[in-house]
Amino acid sequence: MDYESLKLVWWVLIGVLLIGFAVTDGFDMGVVSLLKVLGKTDEERRIMLNSVGPHWDGNQVWFITAGGAIFAAWPIVYAVAFSGLYWALLLVLFALFFRPVGFEYRSKIESSRWRNNWDWLLTIGGAVPALVFGVAFGNLFLGLPFTLDELMQTRYLGSFWQLLSPFALLCGVVSLAMLAMHGATFLQLKTDEQLLVRARGMTLIAALVTLVAFLLAGVWLAFGIDGYSIQGALEPGAVMTPLDKQVQTGSVSWLVNYESYPLTLMAPIGAVLFLLGTGYLTLTHRAGLAFVCSSLAVALIICTAGFSLFPFIMPSSIDPVFSLTVWDVVSSEKTLGIMFVVALIFVPIVLAYTLWSYYKMWGVIREQDIHDNQVGMY
Amino acid sequence: MDETVVDLSRLQFAITAFYHFLFVPLTLGLAFLLAIMESVYVMTGKQIYKDMVKFWGKLFGINFALGVTTGLTMEFQFGTNWAYYSHYVGDVFGAPLAIEGLMAFFLESTFIGLFFFGWDRLTRLQHLIVTWLVAIGSNLSALWILIANGWMQNPVGAEFNYETMRMEMSSFSELIFNPVAQVKFVHTVSAGYVTGAMFVLAISAYFMLKKRDLPFARRSFAIASSFGLASILSVIVLGDESGYELGDVQRTKLAVIEAEWDTHEAPAAFTLIGFPNEERMETDYAVKIPYALGLIATRSLDEEVTGIKDLIEEHEQRIRNGMQAYAILQQLKAGQDDAGTIAAFEEVKDDLGYGLLLKKYTNTVTDATEEQIAQAARDTIPAVAPMFWTFRIMVGLGFLMLFLIGASFYYASKHVVEHQTWLLKALIIALPAPWIACEMGWFVAEFGRQPWSIGEVLPTALSVSSRSASDLWMSLGAFIAFYSGLLVVELYLMFRFARLGPSCLKTGRYHFETQDSNGPGVGVPQQSLA
């Protein structure tokens, strides 16, 4: 495989990891962020926690692996994004800290104050990352204020607060609502009685919010935000740094890829249809299919963002020439090739045993299960 | 280059890594102990072994949660705080981290869910396999992390590419079969096994002293003492000094650990104890064991161990070469990339990193004064006294544990361990020893790597992100606050459940459930536990 194809393959693979993260860890973040909203009693909240109990840790590895893969395949993105978005990333990490300990420690002591505190911390651990990921993605479309010098040292000239622009916050809403919907849909599979009824209601509300916010963001992107485009000839298969190209902003829209490659329109259209499908299947009480629809909606919303940005990964708002693209942020051909082989071998294995673990733990969790296994359950 | 930012970034990395490694070794060791206990359960069908897996598994879980929490930071911290490092070596260093996620971390984390929640859903054999996979996953995880870390100490299989201004992988097999990484892996996981064994020994000793749940404690003790004995021997015999002749950083580290100021005739003597004096470059009141160092470090009688003074001289020459390399690199970057210039660069590019050491003193590098060069050469030697002492504390604790675990094994095999009150008490008092030894070991490895983040390639001072000192102060404060708070909670639960012992499983078979009262010495009302 040549360098150009490897560059594209890695764009796809990182997309796959991010989608894997959103589809799996997304529902457990959704579930815990709804802990206080849907769970009215201690038993109900324990049912919610145990619905994702055996899986949240494995799911979270998608996030960690995506981080590692970006380090290996797009080192300069890893460097620029995480040092630049320092406080946003630390905020996500601090919130995520509460999950492993919250899950593990919450039900170990039978004190309502202890448990109530952990419930709040778990809610933060679910909701804050969901929101911040959306805000971060939104900022990619606006460009981030970073520079690069010829030694490839990067400087970030913005602050955390500047990330909270209206468009980015709208993207945050898309992300939070999407994962709440996904979590609530998952709960439909794992709960019964009152909790199930509430989960259905929440799915409908969250799907609707996601739909409206997603469409709104699309309109905003089409009319209110300048796109970036590479100027002049560029040899996609060449060894290059981000400084080896010309970039312009303002001449095209972020939606230009959908004109050039109409097939990509399937992502946003599909996202809308699957959001509607999730709602419809929830209303008709078909939880399994609703969850499939919800997963696809999540995946396609992420694809929509990726397709719109392509080939850009992180545009610079200081000077478009610093912008990072699929062609110039990659590791060497050798590293990309080796890591591709590694991914080809291990991603299917991971998927296989992940599915096996879901298969083994399948089924509704009832209050009785919690009562029968007070010690072993979260 | 803001030195405060460099120092604070180092401090933040050190603190978060030290915290992380409070939890990792216990995970590594206890996971195998659980797997062994469960194997015995599956083979014998005796309920007590299943209860052992569940009880020690509960403590495992309390520890594991913070291992995951603190581990999250590690995956992203290179990007947040070491941006130039990430760019400069991501092509090589990122690979083992990503593979760790795909190959090891998924395995461990997916099956840990089944370990805790799958008891009623899996067959005995399936559950046993799951437990083994957790243990294997956590150890594979250590393997890939230590391959990454080994490369920082001895960066093999990589070359600098001036076009992209970074190190790029030239040989994947050299990277993974890096001898330094192999030695480190064995040493580190063995230390983890010792930690797991000491943990089980100390808590079982506590039950024995309290005369509670004796059959449970005896069996746990027996398994831990034999597993521990094998592990502590492995830590000591396969100590990673054997990796110390590989690569310049490792050679320097060795000289500093031993306070070898001068190169002596082979085989060198081992300085058992003494007081290193940095200014005079001498060790006061040194007590030496002839031949020992030569044997330990070079595994031979005729190879020299290079002394600090000679290393400084070597490094000064390499800094001069590095200045040339940097000058040629400037030409290459300016577009003057004819074959002659490239050939000239190839000649000296291995010393480019040494040139970069001067960035601390002059951003242009090539105009460094003689004084600056001498200073930079002196910088290549990490502070001797902290290295000398931490290493000796680690080794001393290692031998202490060898003695305790050896005695535990001896008395356990004679079935008289319950009567050795002194040993049981000593085990409880010595419980912190493996953690202290592990942290000292990491200190030696990483402080001893200074001034490099990647040995001979990239100076630490150049590796940092361009954040402000106030950013660093705040994030450092936040990390300390979060981690310390969580550690307090963790220790609270750990002590509470360890004191309760297997009674916390609520099977009705153990001490606090078979007695009317709550028993002596434990102020935990039973009904307050879930």
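Naming convention: chains lettered A, B, ... in sequence-line order (proteins, then strands); numbering from 1 in each chain.
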Identify which part of [X] has an atom lying under 4.5 Å from any heavy atom of chain B, answering side chain, backbone, both or neither.
X        : answer
A/Asp328 : neither
A/Lys360 : both
A/Trp87  : side chain
A/Met152 : both
A/Leu151 : both
A/Val80  : neither
A/Glu104 : side chain
A/Thr154 : both

Of all heavy-atom pairs between [X] and [Y], which one has the smallest distance, and what is that distance?
X        : Y        : answer
B/Ala83  : A/Ala79  : O-CB, 3.2 Å
A/Ile64  : B/Glu75  : O-OE2, 3.3 Å
A/Ala343 : B/Leu102 : CA-CD1, 4.1 Å
B/Thr164 : A/Thr241 : CA-CG2, 3.9 Å
A/Ser83  : B/Ser465 : CB-OG, 3.4 Å
A/Arg155 : B/Ser466 : CA-OG, 3.4 Å

Nearest 0.5 Å, please: how far is [atom2] in [Y] from [atom1] in [X]?
X        : Y        : atom1 : atom2 : value
A/Ile338 : B/Ser171 : CD1   : OG    : 8.0 Å
B/Thr80  : A/Leu85  : OG1   : CG    : 11.0 Å
B/Met74  : A/Leu93  : CE    : CG    : 11.5 Å
A/Lys108 : B/Lys58  : NZ    : NZ    : 4.5 Å
A/Ser159 : B/Asp471 : OG    : CG    : 10.0 Å

- From the list A/Val61, A/Leu96, A/Val101, A/Asp57, side chain to side chain contact (heavy atoms under 4.5 Å, CB included) with B/Val68 holds only for A/Asp57
- Can B/Phe106 and A/Phe346 be said to form a ring-ring contact (aromatic ring centres under 6.0 Å, His included), step by step? CA-CA 10 Å; B/Phe106 263 119; A/Phe346 284 102; over 10 Å; no
- Task: Over 60° means perpendicular and under 30° means parallel, so classify the ring planes of B/Tyr492 and A/Trp114, tilted if in between.
- Result: tilted
- For residues B/Leu114 and A/Met361, determine if any side-chain heavy atom of one lies less than 4.5 Å from a side-chain heavy atom of the other. yes
- Answer key: most heavy-atom pairs under 4.5 Å with chain B among A/Phe63, A/Phe103, A/Tyr156 is A/Phe63
Within the 6.0 Å centroid threshold, strictly below: [X] and [Y]:
X        : Y        : result
A/Tyr378 : B/Phe117 : yes
A/Tyr86  : B/Phe76  : no
B/Phe78  : A/Tyr78  : no

- Task: Using a cut-off of under 4.5 Å on heavy-atom pairs, state which of B/Gly57, B/Gly71, B/Gly113, B/Ser109 scores highest against chain A.
- Result: B/Ser109
- Item | Partner set under ring-ring contact (aromatic ring centres under 6.0 Å, His included) for B/Phe116, not counting sequence neighbours |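 Result, ring-ring contact (aromatic ring centres under 6.0 Å, His included) vs B/Phe116: none returned.
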